[in-house]
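Quick caveat: nothing in here was measured; it's all calculated off a predicted structure.
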Amino acid sequence: MVKEAPGPGESGGNHATARRLCNGAAFVRFDEADDFPQQKAALEAEMAARKAAEDALRRREAQLTAFVETASIGLHWVNADGIIIWANAAELDLLGYDKDEYIGHHIAEFHVERSQIEEILACLSRGERLRDREARLRCKDGSVKTVLMDSSVLWEDGRFGHTQCFTRDVTEQRRAEQKLAAANATLQQQVADLRQLQERFQLAAHGRTLTLFEQDTALRYQWLYPIHPEHAGALGRTDEEILGSAGAEIAALKRVVIATGLMRQAEVCAPLPDGIRYYDITVVPKLDPSGAILGVTGAAFDITARRQAEQALRDAKEETARVNRELEQRVRERTASLTDLLAEMESFSYAVSHDLRSPLRAMAGYAAILQNDHSAQLGDEGLRMLERIIRSSERMGRLITDVLAYTRVNRDRFELTPVGLADCLWSVVQHAPELQPPQANLIVRGTLPTVLGNEIFVTQVLANILGNAVKFVAPGTTPRVEVASEVIGDRVRLSIRDNGIGITPEHRERLFGLFERLNAGGRYEGSGMGLAIARRALERMGGTITVDSDGRSGSCFVIEMALAS
């Protein structure tokens, strides 16, 4: 019999054996010696049952662990910092990593789209569950696996313990889906092409451009589709019967198909009641199930419009060629005439300019004699008139000289040779006191390169431009000229900048014309041909000249010529 344990100060008796046996959280006291064996046996049975349950639980746990470890679906745990803390064999086999290559690493190292990891961890931290979240994982061999992930968080006392993420490999499924999508797209394109072909066939058939036919071994027409008006009465007849001698060529082509069993294609001419028509025909043998040739079948495409267009194009080309030949002949004739005329004009201008020098020298000589020997008889007014005659003769002399120079630039034959710009510049300055100090300040910046040109013409160009630079300055101003160059690719750019009166923008192009004198009031001497000579000389040497000026603070002339290699 089970009795309550005695309280504080109570005795259990002489024959009572007091024992305390642990049974969960309760203590049971056995007072009667006679009942102890039964109670002990019951307790031992209960403890055995509990041990058996614990053993079964451990076996189940071991079985569950083995099941998870050997499951065919990948599983891994990630802590709140994104570090992989455990992964089963399927997960490792899926990606090809060993445990030490995967566990302990950040999960972002294995995601192709690393930015997804922050988003995934943020969703899981809010208690959300991820279902079929697609991701791409990088394998050890460099390949990429497409997976679907189901993930949730195991919370421990309200804190983020670790994720529980199942990984299913859908790489092949996605590839199959992509192949299926590509196949569907191809099929849809083929269906669209077939529909377009059908529409074209219908348009061609009903537009009298396409005809399908079948003929027996005797080449009698058995079937035509569609039967256009020009084909009426063709059934049961041969090409020779329908077209005469023109049909013999077509029939010969079809007999070759019957004899060889091979396809033939050709463009043929058919004189029909409504006029001559051209066809592109394709003929193949018509076979029975055993392979015996029963005749021919094929298609005839009306290409009359194309042949007419081709003929029209050929005619147009021939007409164009004829017109071009006539135009070229006219151009040659007019060019020859113009060349002769220019040569005559150049010869005339040269002769006139040259012949004018003799009377001009005589006029200047007589004027000088009057000035020297008879000035007392002329008086003041006569001397003023004589001075004007002398200045006019000098100006006329310079004009004749410039005309001859311009004529020489156009007439002289020469080859381009290397010309040193520095040598030409020194030659100009040496023979022009007005370019030397103190009359002017000439500054050369850097080294002047060698160009392809003619030394006489290059010197003439520099003399004309530098002469203008020191001539056209405001009264009381000392001329200042800066010369600089730069090489741009295979070209030389020479800049000549002055402090003269400048050129207004609207007069820049006129500046290079013949006899153009743009200075106000005629205060500056000159023939107006210096820059025209410079431009023409540069053009003949393959060069150019431009000017930049605001009309107030000087001018900058820019010359470009080929660089001598």
Discussion item. Whether R159 and E156 form a salt bridge (side-chain N of Lys/Arg under 4.0 Å from carboxylate O of Asp/Glu) is what I want to check.
Written reply: no

Next on the checklist: Salt bridge check, R306 against E310: does any charged N sit closer than 4.0 Å to a carboxylate O?
Outcome noted: yes

* Asked: Under 4.0 Å between a Lys/Arg side-chain N and an Asp/Glu carboxylate O for R480 and D498?
  -> no

Lys/Arg-Asp/Glu bridge criterion (N-O < 4.0 Å) met for K51, E54:
no

Taken to the nearest 0.5 Å, the spacing of T217 OG1 from I293 CD1 works out to 10.0 Å

Evaluate the criterion side-chain contact (heavy atoms from CB on, under 4.5 Å) for residue pair R136 and K145; output intermediate values, then yes/no. CA-CA 6 Å; R136 295 196 299 155; K145 296 280 189 181; over 6 Å; no

message = Taking the side chain as everything from C-beta on, heavy atoms only, tell me whether F110 gets closer than 4.5 Å to I84.
response = yes

Q.
Could you go through Y221 and D239, starting from their C-alpha distance and side-chain angles, then the distance that decides it, and tell me whether this counts as side-chain hydrogen bond (donor to acceptor under 3.5 Å, both in side chains)?
A. CA-CA 8 Å; Y221 282 99; D239 292 300; 2.5 Å; yes

* Have E91 and Y102 got a donor and an acceptor in their side chains that come within less than 3.5 Å? -> yes

Requested in this report: Flag the pair E109 and R114 as a salt bridge only when some basic side-chain nitrogen lies within less than 4.0 angstrom of an acidic carboxylate oxygen.
Outcome: no

**Message:** Evaluate N324 against E328 for side-chain hydrogen bond (donor to acceptor under 3.5 Å, both in side chains), listing each step before the verdict.
**Reply:** CA-CA 6 Å; N324 285 339; E328 289 173 359; 5.9 Å; no

Salt bridge check, R491 against E486: does any charged N sit closer than 4.0 Å to a carboxylate O? no

Before accepting this row, confirm whether a basic side-chain N of the pair E560/R493 lies closer than 4.0 Å to the acidic partner's carboxylate O.
yes

Sequence neighbours excluded, the answer for salt bridge (Lys or Arg N to Asp or Glu O under 4.0 Å) partners of E455 is none

The reported gap from CZ in R322 to CG in L327 (rounded to nearest 0.5 angstrom) is 9.5 Å

So R133 and E119, salt bridge (charged side-chain N to carboxylate O under 4.0 Å, His left out) or not? Walk me through it. CA-CA 12 Å; R133 176 65 178 261; E119 179 188 352; 3.3 Å; yes

message: Angle between ring planes, W86 versus W77, binned at 30° and 60°: parallel, tilted or perpendicular?
response: tilted

Pairing donors with acceptors under 3.5 angstrom, does anything connect the side chains of Q188 and N184? no

#### Entry: Residues R168, D150: salt bridge by 4.0 Å N-O rule
yes

